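Positions are given from 1 along the sequence. The structure displayed is predicted, hence computed values, not measured ones.
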Amino acid sequence: MTTTAANAALYAWVGTPPSNWQTNWLKWSVYVSTKRPTDEEIAQLPYIANEDIASWTGHLINPDPQPVEADSRKFSTDDVLFNKLRPYLAKVYHAQFEGLSSGELLCLRPSSSVLPRYLFYVVSSKAFVDAVNAETFGSKMPRADWDIVGHQPLPLPPLDTQKRIAALLDEKTARIDALIEKKQALLERLTENRQAIITQAVTKGLNPKAPMKPSGIDWLGVIPAHWEVVPIRRVARSVSTGRTPPSAARDYFTDGVVPWFTPGDFRGDLVLSNAEKCLVQEAFEEGLAVKYPPNAVLLVGIGATLGKVARSTLECSSNQQINAIDVNEDNDPGFLTCFLHAFRSEVRVAASGNTLPILNQDKTKSLLVTRPPKDEQAQIISHIAAHETEIEGIAGKIVHSIELLFEQRAALITAAVTGQIEGLQ
């Protein structure tokens, strides 16, 4: 059916395309394939899951996917895979080979009225993704089934126009993606530079002429001659582990005032100030939670984020996956935080257990750290903070420029597939 001014409202983001275009529901021009693979195909064909597809760009994160024994659907070359789980992530892939995919990826097979590459750009456009996302169901893990996706509009220009649109977008988005990749590489170099500054400062100090001595530890190397290497128990009043109040007893979080941290609150910064949840005072009065003093050094002691570290600026608490180090008055908690951050790999090695490594209180107390005089620790922290401020300023500008490029990319695709670009109508 041809879009007119009278029914344009039905198609929301599509608006009113050129008069020689048609607009159908997606399901009228695209077939969703649910074909199951044979045992032989499972053993031979490469497998793609949601996490293998980069958001928005449609690039494969792993360029060489391998066969995997998993519940899957078979896809063919030129099928378009659309992520129905959390569609706002915009994970869409235009298949360049035959393979298998997760059941969370809808396998869209275009009819003769729509070119595969053009279809890819339509369903990966921000306007289309936003329209699908608005109709998802499920709060924690929102999904969009075929009924939702299939009832989205599909603007259909003539095939030769589809071909020209796809070619233009291939060229333009490749240029934008290359710029984004270069800027992301700059961010990675800034992160490496930050790490190098921290490691240098907490192991060698700020005076390049200071006499040095062997630390006696292979991974630490030489340190200033007047520094010590001591276990954490020598720089801490105490090491404690958090708790999670039982949810069956009552709700200890609504109207809470004491920040309660989990590993998910560690965002990469070395200072924690905000928690997703806060505990009420009754949790501590009833002995169901552990309260830490301000400037406690919080160290993740279990799981994939083991070794992540940050200092809390406020009185706080945590779950049982975190150890809190209450640093004594002769040492700077900021210095200890930076040292543990610099040597996270050594912290992870110190954890016990093969299947699920755990860094308990005793293991935490035994971790070796450098200890300069306290006034020198403060100077080192000031030095690191100054560099971090400079790096954060540069990184902020790069992140903003990347965001602008993504916005430019999204606007270009939407304009092209809705007939708003002169010469492509």
If you measure from CG on L119 to CG on L154, what distance do you get to the nearest 0.5 Å? 6.5 Å
Of all heavy-atom pairs linking L368 and F339, the shortest is O-CE2, 3.4 Å
For Q379, all residues meeting side-chain hydrogen bond (donor to acceptor under 3.5 Å, both in side chains), sequence neighbours excluded: none
Side-chain donor-acceptor contact under 3.5 Å, E40 with T38: no
Tell me yes or no: between the side chains of D170 and Y121, is some donor less than 3.5 Å from an acceptor? yes
Using modelled atom types and a 3.5 Å cut-off, is there a donor and acceptor pairing between side-chain atoms of W260 and backbone atoms of R243? yes
Side chain S101, main chain I48, donor-acceptor under 3.5 Å: no
Answer yes or no: does atom CD of Q96 have more than 12 heavy-atom neighbours from other residues, nucleotides or ligands under 6.0 Å? yes
For the residue pair P259 and A275, what are the closest heavy atoms and their distance? CB-CB, 3.9 Å
Atom CD1 of I380 and atom NZ of K204: how far apart are they, to the nearest 0.5 Å? 11.5 Å
Could you tell me whether the side chain of R409 and the main chain of W56 form a donor-acceptor pair under 3.5 Å? yes
Would you check if F82 and L105 make a side-chain contact, meaning some heavy-atom pair closer than 4.5 Å? no
Donor-acceptor pair, distance only, cut-off 3.5 Å: does the side chain of T191 make one with the backbone of L187? yes
Applying salt bridge (Lys or Arg N to Asp or Glu O under 4.0 Å), which residue pairs with at least one partner in residues 49-58 are found, sequence neighbours left out? none
Do T262 and D265 pass the side-chain contact (heavy atoms from CB on, under 4.5 Å) test, and can you show the C-alpha distance, the side-chain angles, and the key distance before you say yes or no? CA-CA 6 Å; T262 70; D265 292 310; 3.6 Å; yes
Within 6.0 angstrom of K126 NZ, more than 12 heavy atoms from elsewhere: no
Any chance CG of N207 has more than 12 other-residue heavy atoms, nucleotides or ligands included, within less than 6.0 Å? yes
R36 vs D71, test: salt bridge (Lys or Arg N to Asp or Glu O under 4.0 Å). Steps then yes/no. CA-CA 9 Å; R36 296 275 187 169; D71 182 45; 2.4 Å; yes
Residues G303 and R348: closest non-hydrogen pair is O-NH1, 4.1 Å
Sole residue of L270, V235, D326, I325 in side chain to side chain contact (heavy atoms under 4.5 Å, CB included) with V297: I325
Kindly determine whether Q320 and T244 satisfy side chain to side chain donor-acceptor pair (under 3.5 Å), including the steps that lead there. CA-CA 6 Å; Q320 61 273 22; T244 300; 2.5 Å; yes
Between the side chains of D177 and T57, is a donor N or O closer than 3.5 angstrom to an acceptor N or O? no
Where do T136 and N133 come nearest, in terms of heavy atoms and distance? OG1-O, 3.0 Å
Please check this pair: side chain of R237 against backbone of V327, looking for a donor-acceptor N/O pair closer than 3.5 Å. yes
F343/W219 aromatic ring centres below 6.0 Å: yes
In sequence, state the C-alpha distance, the side-chain angles, and the governing distance for V132 and V123, and then conclude on side-chain contact (heavy atoms from CB on, under 4.5 Å). CA-CA 9 Å; V132 170; V123 300; over 6 Å; no
Are the side chain of Q152 and the backbone N or O of I148 linked by a donor-acceptor pair below 3.5 Å? yes
Geometric cation-pi criterion, R73 with F75: 6.0 Å, 45°: no
Between V149 and K84, is a side-chain contact (heavy atoms from CB on, under 4.5 Å) present by the stated rule, with each step listed? CA-CA 8 Å; V149 176; K84 64 181 181 181; 5.6 Å; no
Between the side chains of H151 and E135, is a donor N or O closer than 3.5 angstrom to an acceptor N or O? no
Does the S102 side chain pair with the main chain of N50, one donor and one acceptor, at a distance under 3.5 Å? no
Measuring from atom CG of L168 to atom CG of L412, what distance do you get when rounded to the nearest 0.5 angstrom? 6.0 Å
Please evaluate residues R143 and E104 with respect to the criterion salt bridge (Lys or Arg N to Asp or Glu O under 4.0 Å), reporting the C-alpha separation (whole Å), side-chain torsions for both, the decisive distance (0.1 Å), and the verdict. CA-CA 9 Å; R143 279 182 169 81; E104 297 293 356; 2.6 Å; yes
Counting heavy atoms not belonging to K374, are there more than 12 under 6.0 Å from its NZ? yes
N/O donor-acceptor pair under 3.5 Å between T414 side chain and S125 backbone: no
Do S240 and Y292 get their side chains close enough for a donor-acceptor pair, meaning under 3.5 Å? no
For residues 355-404, pull every pair meeting ring pair (Phe, Tyr, Trp, His ring centres under 6.0 Å), keeping only residues two or more places apart or in separate chains. H383-H387
If you define the side chain from C-beta out and look only at heavy atoms, does anything of V230 sit under 4.5 Å from V369? yes
More than 12 non-hydrogen atoms from neighbouring residues, nucleotides or ligands closer than 6.0 Å to CG on D255, yes or no? no
Closest non-hydrogen atom pair, A144 against L106: O-CD1, 4.4 Å
When you look at NZ of K35, are more than 12 heavy atoms from neighbouring residues, nucleotides or ligands closer to it than 6.0 Å? no
Does a side-chain heavy-atom distance below 4.5 Å link Q321 with T305? no
For a side-chain contact (heavy atoms from CB on, under 4.5 Å) check, start with the C-alpha distance between T241 and N360, then their side-chain angles and the critical distance, and finish with the verdict. CA-CA 8 Å; T241 303; N360 59 23; over 6 Å; no
Would you indicate whether Q195, at its atom CD, is surrounded by more than 12 heavy atoms from other residues, nucleotides or ligands within a distance under 6.0 Å? yes
Mind running salt bridge (Lys or Arg N to Asp or Glu O under 4.0 Å) on K74 and E98 for me, showing each step along the way? CA-CA 8 Å; K74 185 179 177 181; E98 184 181 57; 3.4 Å; yes
Taking the side chain as C-beta and beyond, is there a heavy-atom pair between P224 and M212 under 4.5 Å? yes
K291 to F284 six-membered ring, cation-pi geometry met (6.0 Å, 45°): yes
Nearest-0.5 Å distance, CD of residue E376 to CD1 of residue I381: 11.5 Å
From I322, L298, L306, residue fulfilling side chain to side chain contact (heavy atoms under 4.5 Å, CB included) relative to P263: I322
Taken to the nearest 0.5 Å, the spacing of I217 CD1 from I223 CD1 works out to 7.5 Å
Is D269 reaching over with its side chain to a backbone N or O of V271, donor-acceptor style, under 3.5 angstrom? no
To the nearest 0.5 Å, how far apart are CD1 in I394 and CG in L186? 10.0 Å
Heavy-atom pair of closest approach, residues L206 and A201: CD2-CB, 4.4 Å
Less than 3.5 Å apart, any donor N or O on the side chain of N331 or N328 sitting next to an acceptor on the other? yes
Is the side chain of T199 donor-acceptor paired with the backbone N or O of A196 at a distance under 3.5 Å, no angle test? no
